[in-house]
Student: 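Quick one: the structure is below, questions incoming.
Just so it is clear: chains get the letters A, B, ... in the order the sequence lines come, proteins before strands, and each one is counted from 1. Predicted, not measured: the structure shown is a model, and the values here were computed from it. Both backbone and side-chain heavy atoms feed into the values below; hydrogens, waters and symmetry mates do not.
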Amino acid sequence: MQRHLITSAIPYINGIKHLGNLIGSQLPADLYARFQRARGNEVLFLCATDEHGTPAELAAAKAGKPVAEYCAEMHAVQARIADGFGLSFDHFGRSSSPQNHTLTQHFAGRLADAGLISEVSEKQVYSNADGRYLPDRYIEGTCPNCAYDKARGDQCENCTKQLDPTDLIEPRSAISGSTDLEVRETKHLYLRQSALKDDLDAWIDSKKDWPVLTTSIAKKWLHDGDGLQDRGITRDLDWGIPVRRGDADWPGMEGKVFYVWFDAPIEYIACAGEWADAQDGANWERWWRTDKGADDVRYTQFMGKDNVPFHTLSFPATILGSGEPWKMVDHLKSFNYLNYDGGQFSTSQGRGIFMDQALELLPADYWRWWLLSNCPETSDSEFTWELFQQGVNKDLADVLGNFVSRVTKFCRSKFGEAVPSGGSYGPREDALIADLDARVARYMAMMEAMEVRKSAQELRAIWAAGNEYLQAAAPWSTIKEDTDTAAMQIRLGLNLIGLYAVLSSPFIPGASKQMADALGMADIPWPSDIRIAVEAIDAGHEFSVPENLFAKISDEDRAGWEARFAGIRS
RNA sequence: GGCGCGGUAGCUCAGUUGGUUAGAGCGAUCGACUCAUAAUCGAUAGGUCGGGAGUUCAAGUCUCCCCCACGCCA
C-alpha cells in the first residue's frame, strides 16, 4: 500500500473563492486524493485557510468585526462550501491555529541558529490616525511625475513610474485617508534565501518529471538578474504570528509578526498536527518527518502558477534551512488560469462565478466534471456558459446518465427490478471486456500521472463504450427470439453501471453514489480485473431505477445565467 | 521595453526523443436504431499545423527573424 500526502494551496480568508480558484488547486487535488483512496492507498489530504496579512485586516474592518472573529466566521463559510463541492479534506485547518504559531516560531528559531536570518533596518511609513505601519500599496498620493492623484506608494499606475512612498505629494493613508503620516525606522528579519541558492538549484534539477511550467518559473527566480533574493519575513502588524525565536523572546522584534508568506506554507505541516489533535492524538509525524516514518510517503502539492515560486523556493528554503528531516515535496502540480467569458475571474472585482453561487445553480458534480475535464493544465482555458452547457449535457446527461436510464428501465420493463439470469458472455462481450481492460489501464495511468484532462477523456470513452455495446448487442431486438441472451446482455449493462460508479467516483462522487445505491451496492472495490468486475453483480440481485442522474441545462437556463453573471457581484 | 507561456480543423484541445496519408471530443451533414433524458450508434466533410528563411533523406516537432494573444516584471 502506498502512502500519499496531498496538499492543496491554501485559499485566502477574505471572501468566497471563485471557480478559477477552485480548479486551480483544490479540485484537482481532491480528484487525486479520491483516486488514491479508492485504490486502497493510505491518504492524508490537507487544506486550510490562509488567514494572516493586511487584506484580512482590511476585510474584517470593512465587515465591522474584530479580525479574529471575522476569520473564524469566514473559515466556517469556506469549510461549508468546500464540503458542498465534495472536497474530501482529511482536515481543513487554519493558518492561525496554535499549532502553526508554535511551528512557525520553531522554524524561525532553527533558521536563526543556522545563521540564515539577518536583521535589516528599514524606513516605513507610520500612520498615526490608523495606529499602524502602512505597506507601500496602502499609501496614496499625487504622482510627482505625472500628477496622477491616486498613485500608490510603490508605483504610479498612470505613468508606471516606480516610486518610494516619500516621493508622493500629499501622501495619505489608503485605509483612512488620513494625512497624519510619519516615516519611522524599523527593524525586520530577512530569510537569507541567497545562501541556499545552490542547494535549491540542485534540488530543482533533481526533479526531472516536473512540468515545464513549474521548473521554468523556479529557474527564472533562481537565475534572473542577481539571482535569488533574500526575503523579508516579518511585518509591523497586529494580526499574525508573533515573532519569537522558538519558544524564546526575540529582542528587538517585540510587537511584530511573521509575514503571511512565511507562515502560510508551514501550515501544511501544522495542519497535520491539527488533524492529529482532532483525531484524538493520531501520529502526524509519520507523514512529515522522514526520521519518524515518512520515508515511504509520496508528497504531492497542487497549486496555481502564481504560487509556484513560494513552493519551489521559499518554503523549501525554510525546510532545508532548518536542518531537520522534514519531508520535501515529491511532485508539484501547477495549473494555469481559467478565464471567464473572455476576461479573467476576479475576486476583487466580483467578476465570474463564485463557489457559493455555483452550488445554488447546480449540484457539485456538474461543476466538478466540467471544470476537471476542461482543466487549465497546459495553458489558460476558457469558461463560457455555452461550453459549460454543451459539456454537461453531452457527457453527463446523454452519455452517462442516459446509459443508466436505458439499461435500468429496459430491465425493469422486461425482467423486473432484479438482475436477470440466463445466457453467458460470448465474443461480443469478450471484445468489450478487452476494450475496457485497455481503457481502464490507460485511465489509471493518466490519473496516476495527474493528467486531469486526459483522464476525463478516457473516462468518457469508457462510458461511451457501454452505449456502443448496447447499440451493437441490441437487447430490445434480441429479446424477441432469445430471452436468455437478452438477459445476459442487460446483466452486463447493469454490471457496467457498477463499474462506472467506482471508476467515476473521483470525478463525480455524488452521481457515483447514486449509481451504487441504485444497484444496492454499498462498497464497490476498485476493479483489478475487468472480467471479474463485470460479473460482480449476480443474477437475482435486486436494484432500483434511479431518477435521471443529470438534468440537462436548457437554453433558457443558460441564457438566464449568462445574463445574471454578466456583471459584477454586488 | 525585458522576460515567460502559447498561436494545430467552425469551437475546446492532443500531438513522446524530428519519420508512413496531422488526431480526439463537441458542432455540422448523411445514414442506422427505437431500450433510453428527441437520447444512442455509424459514416462523411473540414486544417498549406501564425508568417518567412534555414538545417536534414525527412519538421507541427530543431535554429533564426517577424507577426498576434495572454501573463509577469521593471
Side-chain angles (χ1 to χ4, degrees), chain A residues 20 154-157 159-163 208-209 211-221 223-226 229 304-309 334-339 342-344 369-371 373-415 439 442 445-446 449 451-461 463-480 486 489-490 493-494 497 511 545-554:
Chain A
D154 51 350
Q155 182 180 34
C156 173
E157 285 181 335
C159 68
T160 73
K161 185 177 170 60
Q162 296 173 70
L163 303 169
K208 300 294 182 199
D209 59 339
V212 186
L213 180 68
T214 302
T215 49
S216 69
I217 292 174
K219 283 289 180 182
K220 190 191 167 215
W221 281 56
H223 300 297
D224 214 32
D226 299 330
Q229 299 298 299
K305 60 183 172 186
D306 53 327
N307 275 338
V308 169
S334 59
F335 296 89
N336 286 283
Y337 295 142
L338 180 71
N339 290 321
Q344 292 186 328
W369 172 255
W370 192 89
L371 290 168
S373 62
N374 292 277
C375 187
E377 285 179 298
T378 52
S379 63
D380 290 356
S381 66
E382 174 91 1
F383 177 96
T384 68
W385 286 99
E386 190 180 356
L387 287 169
F388 177 65
Q389 179 195 26
Q390 278 179 2
V392 163
N393 286 358
K394 191 69 190 174
D395 298 346
L396 295 182
D398 294 347
V399 176
L400 177 61
N402 183 51
F403 177 78
V404 173
S405 287
R406 63 196 299 207
V407 170
T408 54
K409 288 181 181 173
F410 181 81
C411 188
R412 179 174 62 185
S413 73
K414 305 298 181 187
F415 299 100
R439 288 192 182 284
R442 269 202 296 277
M446 288 300 114
E451 291 279 358
V452 179
R453 290 177 89 124
K454 289 179 181 172
S455 297
Q457 211 173 348
E458 199 56 57
L459 180 59
R460 205 202 102 102
W463 296 339
N467 282 316
E468 291 166 25
Y469 168 77
L470 224 52
Q471 201 66 29
W476 50 90
S477 301
T478 314
I479 198 166
K480 289 171 187 164
Q489 291 167 341
I490 216 64
L494 289 164
I497 296 174
V545 176
E547 290 302 307
N548 284 345
L549 288 180
F550 300 99
K552 290 204 198 193
I553 298 169
S554 69

Student: Within this structure, what is the CG-to-P distance between A/Asn402 and B/U34, rounded to whole angstrom?
Tutor: 16 Å
Student: What's the closest nucleotide to the side chain of A/Leu387 if the choices are B/C35, B/C11, B/U40?
Tutor: B/C11
Student: Kindly indicate whether the side chain of A/Phe403, heavy atoms from C-beta on, has any atom under 4.5 Å from the side chain of A/Trp463.
Tutor: no
Student: What is the distance, rounded to the nearest whole Å, between atom NZ of A/Lys480 and atom C1' of B/C35?
Tutor: 10 Å
Student: Rounded off to whole Å, could you give me the OH-to-C1' distance for the A/Tyr469 and B/A36 pair?
Tutor: 16 Å
Student: Using the test side-chain hydrogen bond (donor to acceptor under 3.5 Å, both in side chains), find all partners of A/Glu458 that sit at least two apart in sequence or belong to another chain.
Tutor: A/Arg439, A/Arg442
Student: With rounding to whole Å, what would you report as the distance between B/A45 and B/G6 at their C1' atoms?
Tutor: 29 Å
Student: Between A/Lys305 and A/Phe335, is there a side-chain heavy-atom distance shorter than 4.5 Å?
Tutor: no
Student: With nearest nucleotide decided by heavy atoms, which residue, A/Asn548 or A/Ala465, maps closer to the 5′ end of RNA chain B?
Tutor: A/Asn548
Student: When we call it a touch if two heavy atoms are under 4.0 Å apart, what does A/Phe403 touch: a base, just sugar-phosphate, or nothing?
Tutor: nothing
Student: Using atom P in both nucleotides, what's the gap between B/C62 and B/U8 to the nearest angstrom?
Tutor: 16 Å
Student: Name all residues meeting the ring pair (Phe, Tyr, Trp, His ring centres under 6.0 Å) criterion together with A/Phe383; count only those two or more places apart in sequence or in a different chain, and write none if there are none.
Tutor: A/Tyr340, A/Trp370, A/Trp385, A/Phe388
Student: How long is the line joining CD of A/Glu386 and C1' of B/G27, in whole Å?
Tutor: 9 Å
Student: Round to a whole Å and report the spacing from CG of A/Asn393 to C1' of B/U12.
Tutor: 16 Å
Student: Taking only residues two or more places apart in sequence, or in another chain, which ones meet A/Asp395 in a side-chain hydrogen bond (donor to acceptor under 3.5 Å, both in side chains)?
Tutor: A/Trp369, A/Arg460
Student: With sequence neighbours left out, write down each residue that passes salt bridge (Lys or Arg N to Asp or Glu O under 4.0 Å) with A/Lys552, or none if nothing qualifies.
Tutor: A/Asp398
Student: Does a side-chain N or O from A/Lys394 land closer than 4.0 Å to OP1 or OP2 of B/A39, or not?
Tutor: no
Student: Considering only heavy atoms and no angle criterion, is a donor-acceptor pair shorter than 3.5 Å present between the side chain of A/Asp398 and the base of B/A39?
Tutor: no
Student: Report all interatomic pairs (protein N or O, nucleotide N or O of nucleotides 31-33 of chain B) with separations under 3.5 Å.
Tutor:
{"from": "B/C33", "atom 1": "O2'", "to": "A/Trp476", "atom 2": "NE1", "distance (Å)": "3.4"}

Student: Looking at RNA chain B, which of residues 451-460 of chain A put a heavy atom within less than 4.0 Å of it?
Tutor: A/Arg453, A/Lys454, A/Gln457, A/Arg460
Student: Taking atom P of B/U34 as reference, at what distance in whole Å does atom CG of A/Asn467 sit?
Tutor: 16 Å
Student: Out of B/G42, B/U12, B/U37, which has the shortest distance to the side chain of A/Glu468?
Tutor: B/G42
Student: Measuring only the P atom in each nucleotide, how far is B/C70 from B/U61? A whole number of Å is fine.
Tutor: 24 Å
Student: Measure from the side-chain heavy atoms of A/Ser381 and tell me the nearest of B/C41, B/C13, B/C35.
Tutor: B/C13
Student: Determine the interatomic distance between P on B/G7 and the same-named atom on B/U17; round to the nearest Å.
Tutor: 15 Å
Student: Mind checking what makes side-chain hydrogen bond (donor to acceptor under 3.5 Å, both in side chains) contact with A/Ser373, not counting sequence neighbours?
Tutor: none
Student: Could you pick out which residue, A/Lys552 or A/Asp395, lies toward the 5' side of RNA chain B when each is mapped onto its nearest nucleotide?
Tutor: A/Asp395
Student: Students often get this wrong, so: under 4.0 angstrom with heavy atoms, is A/Ile479 touching a base, only sugar-phosphate, or nothing?
Tutor: nothing
Student: Could you state the CH2-P distance from A/Trp463 to B/A24, rounded to the nearest angstrom?
Tutor: 20 Å
Student: For B/C57 and B/G18, measure between their P atoms and round to the nearest Å.
Tutor: 15 Å
Student: Please identify each residue that fulfils side-chain contact (heavy atoms from CB on, under 4.5 Å) with A/Glu382, with sequence neighbours left out.
Tutor: A/Asn339, A/Thr384
Student: With the side chain counted from C-beta on, respond yes when A/Leu549 and A/Leu396 share a heavy-atom pair under 4.5 Å apart, and no when they do not.
Tutor: no
Student: Hunt down any stem RNA chain B takes part in, defined as 3 or more consecutive Watson-Crick or G-U pairs whose two distances are each under 3.5 Å.
Tutor: B:1-4 with B:70-73, B:10-13 with B:23-26, B:28-32 with B:40-44, B:50-54 with B:62-66
Student: With side chains defined as the heavy atoms from C-beta onward, is the minimum distance between A/Asn374 and A/Leu387 less than 4.5 Å?
Tutor: no
Student: Can you list everything that forms a side-chain hydrogen bond (donor to acceptor under 3.5 Å, both in side chains) with A/Thr478? Sequence neighbours excluded, please.
Tutor: A/Gln489
Student: Distance check needed: B/G4 C1' versus A/Lys305 NZ, whole Å only.
Tutor: 9 Å
Student: Across the strands shown, which category fits A/Ala464 at heavy-atom distances under 4.0 angstrom: base, sugar-phosphate, nothing?
Tutor: sugar-phosphate
Student: If a pair satisfies salt bridge (Lys or Arg N to Asp or Glu O under 4.0 Å) and one of its residues is in residues 464-478 of chain A, list it, with sequence neighbours excluded.
Tutor: none
Student: Where does B/G46 fall, syn or anti, if syn means a chi angle no more than 90° from 0?
Tutor: syn
Student: Decide yes or no for A/Ser405 and A/Asn548: does some side-chain heavy atom of the first lie under 4.5 Å from some side-chain heavy atom of the second?
Tutor: yes
Student: Looking only at atom C1', what distance separates B/U29 and B/A9, rounded to whole Å?
Tutor: 16 Å
Student: What distance, rounded to whole Å, do you find between the two C1' atoms, one in B/C13 and one in B/A58?
Tutor: 27 Å
Student: Quick one: list whatever passes side-chain contact (heavy atoms from CB on, under 4.5 Å) with A/Gln389, sequence neighbours left out.
Tutor: A/Asn393, A/Ile553, A/Asp555, A/Arg558
Student: Taking the C1' atom in each of B/G51 and B/G46, what is the distance between them to the nearest angstrom?
Tutor: 22 Å
